[in-house]
Amino acid sequence: MTPAIPLLILGLVDAAFSGFRAYTGSDARIRKRRASTRAALRGLGVGAVLLLAPTLTATLLLLTAGDQEQTYSLLTAGGLGYLLPLTVYATAVLLALAAYFTLPFRASTLAMVIGLGPLTLLRPLVLAAACLGALINGGGPALLVGAVAGAAVLCVEPAVHRRWYRHPW
């Protein structure tokens with residue numbers, strides 16, 4: 001099984017959330033569903049473009065490798081190592097979101113404050129753990145692709161914020 005598709009899906013979902021986070025707090029309107037959707041789509045678009053970087057990195061590694069089968073198996077193993085911490089993290093985020101959407105107002109607010117807030121702050125550490133998993137499972141080539149992918153997803157929110165939501169004051 002190639003981990004590329006699940007990793008791409010996780011990256012694009014993370015990009016959509018990053019677009020939403022870039023927008024959050026910049027608009028005081030109560031009803032802002034359309035603006036929130038637009039922000040998520042902007043994040044998705046920026047993320048799709050930035051995720052071309054690890055794709056191109058992996059492609060170049062495969063094209064320039066002496067033994068393409070060996071490199072492909074190293075990248076696959078590294079991708080599985082990269083996927084494990086991200087899957088644990090995504091499960092925790094989904095549980096916090098489920099609590100937010102299903103619990104009464106006060107409890108859902110508590111779920112947001114003690115769940116989603118800290119989980120957002122842990123994203124860089126989770127990506128570092130994913131890079132470590134890629135290194136342990138696949139070695140240097142997998143670490144290179146994983147580091148490029150991690151940098152790409154961490155750049156989505158600042159890029160969206162700077163392009164669409166930065167205020168001149």
Side-chain angles (χ1 to χ4, degrees), residues 1-26 35-97 116-166:
M1 176 200 133
T2 179
I5 300 300
L7 286 170
L8 179 64
I9 291 170
L10 279 173
L12 291 174
V13 169
D14 183 75
F17 279 117
S18 292
F20 174 78
R21 280 192 309 272
Y23 165 72
T24 304
S26 66
S36 296
T37 302
R38 186 180 324 114
L41 290 173
R42 286 173 174 167
L44 185 64
V46 170
V49 170
L50 288 176
L51 285 174
L52 289 174
T55 305
L56 291 173
T57 303
T59 302
L60 286 173
L61 281 171
L62 284 170
L63 290 176
T64 60
D67 185 4
Q68 289 183 343
E69 285 185 35
Q70 172 73 13
T71 304
Y72 183 79
S73 65
L74 287 174
L75 289 175
T76 301
L80 290 172
Y82 197 84
L83 187 59
L84 181 63
L86 296 181
T87 303
V88 172
Y89 177 77
T91 303
V93 169
L94 286 176
L95 289 173
L97 281 172
L116 291 174
L119 285 172
T120 300
L121 295 175
L122 287 176
R123 280 177 70 236
L125 295 176
V126 171
L127 285 166
C131 285
L132 181 62
L135 177 64
I136 290 170
N137 278 4
L143 174 62
L144 175 63
V145 174
V148 171
V153 297
L154 288 177
C155 287
V156 173
E157 187 173 344
V160 171
H161 181 76
R162 182 169 291 134
R163 169 64 177 92
W164 285 286
Y165 303 113
R166 182 177 56 168

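The shown structure was predicted, so the numbers you read here are calculated from the model rather than taken from an experiment.
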Student: Could you work out, with side-chain contact (heavy atoms from CB on, under 4.5 Å) as the rule, every residue matching L97, not counting sequence neighbours?
Tutor: F17, V93, F101, L116
Student: With sequence neighbours left out, which residue pairs that include part of residues 128-150 fulfil the side-chain hydrogen bond (donor to acceptor under 3.5 Å, both in side chains) condition?
Tutor: none
Student: Got a second to check how far L143's CG is from L74's CG, nearest 0.5 Å?
Tutor: 12.5 Å
Student: Is there any salt bridge (Lys or Arg N to Asp or Glu O under 4.0 Å) pair reaching into residues 10-26, and which pairs are they, with sequence neighbours excluded?
Tutor: D14-R123, R21-E157
Student: What donor-acceptor contacts under 3.5 angstrom involve side-chain atoms of residues 78-86, with partners at least two apart or in another chain?
Tutor:
residue	atom	partner	partner atom	Å
Y82	OH	G146	O	3.1
Y82	OH	G150	N	3.3

Student: To check you understand the geometry: which heavy-atom pair defines the closest contact between T59 and T55, and what is its length?
Tutor: OG1-O, 2.8 Å
Student: Could you work out, with side-chain contact (heavy atoms from CB on, under 4.5 Å) as the rule, every residue matching L56, not counting sequence neighbours?
Tutor: none
Student: More than 12 foreign heavy atoms under 6.0 Å from CD1 of I5: is that the case here?
Tutor: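 No, because the 6.0 Å sphere around CD1 of I5 holds 12 heavy atoms or fewer from other groups.
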Student: Any idea which heavy atoms bring G43 and V160 closest together, and the distance?
Tutor: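 Closest approach of G43 to V160: CA-CG2, 3.8 Å.
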Student: Filter on ring pair (Phe, Tyr, Trp, His ring centres under 6.0 Å), then keep only pairs touching residues 119-166, sequence neighbours left out; what's left?
Tutor: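 Found Y23-Y165.
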Student: Checking R38 now: which residues fulfil side-chain contact (heavy atoms from CB on, under 4.5 Å) with it, not counting sequence neighbours?
Tutor: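 Scan of R38 (side-chain contact (heavy atoms from CB on, under 4.5 Å), adjacent residues dropped) gives R34, A35, R42.
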Student: Which residues pass the ring-ring contact (aromatic ring centres under 6.0 Å, His included) test with Y72, not counting sequence neighbours?
Tutor: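 By the ring-ring contact (aromatic ring centres under 6.0 Å, His included) rule, Y72 matches no residue at all.
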Student: Which pair of non-hydrogen atoms, one from A134 and one from A142, has the smallest distance, and what is that distance?
Tutor: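 Closest pair (atom of A134, atom of A142, distance): O-CB, 3.6 Å.
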Student: Which residues satisfy the side-chain contact (heavy atoms from CB on, under 4.5 Å) test with L52, sequence neighbours excluded?
Tutor: none
Student: Calculate, to the nearest 0.5 Å, the distance between atoms CG and CG belonging to L132 and L125 respectively.
Tutor: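 Rounded to the nearest 0.5 Å, the CG-CG separation comes out at 12.0 Å.
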Student: Rounded at 0.5 Å granularity, tell me how far CG in L144 sits from CG in L61.
Tutor: 5.5 Å
Student: Tell me the closest heavy-atom pair linking G140 and L135, and the distance in Å.
Tutor: N-CD1, 4.2 Å
Student: Check A96 against L119 and note the closest heavy-atom contact, atom names and distance.
Tutor: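 Shortest heavy-atom separation between A96 and L119 comes out as CB-CD1, 4.4 Å.
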Student: Name the residue from L62, L75, V148 that meets the side chain to side chain contact (heavy atoms under 4.5 Å, CB included) definition with T57.
Tutor: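 Testing T57 for a side chain to side chain contact (heavy atoms under 4.5 Å, CB included) against L62, L75, V148 leaves exactly one candidate, V148.
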Student: State, yes or no, whether a side-chain contact exists between V153 and L51 at a heavy-atom distance under 4.5 Å.
Tutor: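 Yes; the side chains approach each other to less than 4.5 Å.
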